[in-house]
Amino acid sequence: MQIIRDITTLRRAVSALQQGGKSVALVPTMGALHDGHLSLVRMAKRVADHVVVSIFVNPTQFGPNEDFEAYPRDEARDAALLADEGVALLWSPDVTTMYPAGHSTHIEVAELGSDYCGAARPGHFDGVATVVAKLFNQVRADVAIFGEKDWQQLAIIRRMARDLDFKLDILGAPIARDADGLALSSRNAYLSEKQRASATAFPDALKDAVAAIAGGADVAQTLTAAERAIVAGGFDSVDYVALADADSLERLAEFHTPARLLAAARIGRTRLIDNYPVG
Ligand code: PAF
């Protein structure tokens with residue numbers, strides 16, 4: 001596996017991979033890889049001839065009081081995992097390659113970015129949309145794969161790609177979960193043993209809410225019951241539990257398909273997100 005850190009070499013290497021009409025899939029990550037990321041890589045291998053993974057801990061998507069400095073980084077470990085998966089190329093730029101001095105352009109996907117995680121993390125999705133647009137332009141892959149765990153992020157990236165006429169296909173990969181249902185996340189590493197044991201209350205409450213809503217229960221009451229169950233299960237607070245249109249992300253007071261239950265909650269200093277399809 002090649003590890004590349006400058007854009008000229010990257011472009012040359014990706015063009016070489018695409019020789020003879022071969023396709024390239026991009027899996028953007030911030031490293032600290034876990035089985036969830038590897039499931040994206042395996043999906044990428046199924047849909048394309050070659051896989052490029054990017055690792056870049058993107059400062060512009062972290063708020064001032066968030067965990068940018070503390071975010072887990074271990075490129076050697078991540079690279080070994082990716083090489084074992086048969087990844088062709090690791091794109092690992094440093095901050096000055098991604099954001100040269102004077103960088104002053106950013107992308108805002110206004111309609112989808114202000115609610116849910118966008119409300120709790122102002123500017124976060126502008127940082128995501130900007131870096132993902134740059135990654136698309138840098139790598140020029142044929143397809144890009146994102147996890148469905150960040151459902152709002154996926155919707156924003158799809159909209160950004162459509163609005164800005166990016167040529168590549170964007171695929172969502174199903175959420176990878178531990179055996180007890182907790183969605184895999186790099187941030188699970190922050191949980192103490194006790195918090196990890198309690199964290200299963202989060203997917204449990206969401207699954208109960210999904211079953212209730214699909215069975216015709218009142219949406220507002222069900223969302224409130226889910227929030228209470230999450231806190232009763234050991235979480236400190238709930239940022240939101242919402243029923244949303246799966247594509248527009250508009251909040252739904254009444255159930256219709258396609259719908260998605262979206263949620264974020266805090267346990268200690270860790271903020272977890274999750275979502276499920278409804279119906
Ligand atoms: O989902 C992530 O890991 C990041 O938000 C992404 C898409 C790699 C952009 O930095």
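In each ligand, atom 1 is the first atom listed, and ligand 1 is the first ligand listed. Below, all heavy atoms of this structure are taken into account, side chains as well, without hydrogens, waters or symmetry copies.
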**Student:** Taking Arg196 first and then Asp178, would you say they form a salt bridge - that is, a charged N and a carboxylate O separated by under 4.0 Å?
**Tutor:**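 Salt bridge present between Arg196 and Asp178.
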**Student:** Run the numbers for me: atoms of ligand 1, each under 4.0 Å from some heavy atom of Val131, listed by number.
**Tutor:** 9 (C), 10 (O)
**Student:** With under 30° as parallel and over 60° as perpendicular, where do the rings of Phe166 and Phe136 fit, or are they tilted in between?
**Tutor:**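 Geometry flag for Phe136 against Phe166: perpendicular rings.
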**Student:** Below the 3.5 angstrom mark, is there an N/O of Thr29, backbone or side chain, next to an N/O of ligand 1?
**Tutor:**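 By distance alone, the answer is no.
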**Student:** Show me which atoms of ligand 1 lie under 4.0 Å from any heavy atom of Asp150.
**Tutor:** 1 (O)
**Student:** Would you mind running through ligand 1 and noting each atom that sits below 4.0 Å from a heavy atom of Pro28?
**Tutor:**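 Those qualifying, in numeric order: 8 (C).
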**Student:** Is the NZ or CZ atom of Arg260 positioned over Tyr116's six-membered ring, under 6.0 angstrom from the centre and within 45° of the axis?
**Tutor:** no
**Student:** Does the side chain of Asn58 pick up a donor-acceptor pair with the side chain of Tyr99 at under 3.5 Å?
**Tutor:**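 Judged by distance alone, the side chains do pair up.
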**Student:** Pick, from Gln61, Lys134, Met30, the option with the minimum heavy-atom distance to atom 10 (O) of ligand 1.
**Tutor:**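 Among Gln61, Lys134, Met30, the closest heavy atom to atom 10 (O) of ligand 1 belongs to Gln61.
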**Student:** Side chain to side chain donor-acceptor pair (under 3.5 Å) for Asp142 and Gln18? Distances and angles first, verdict last.
**Tutor:** CA-CA 9 Å; Asp142 303 283; Gln18 287 168 327; 3.2 Å; yes
**Student:** Considering non-hydrogen atoms of the protein only, which is the closest contact for atom 1 (O) of ligand 1, and what is the distance?
**Tutor:** Gln153 NE2, 2.9 Å
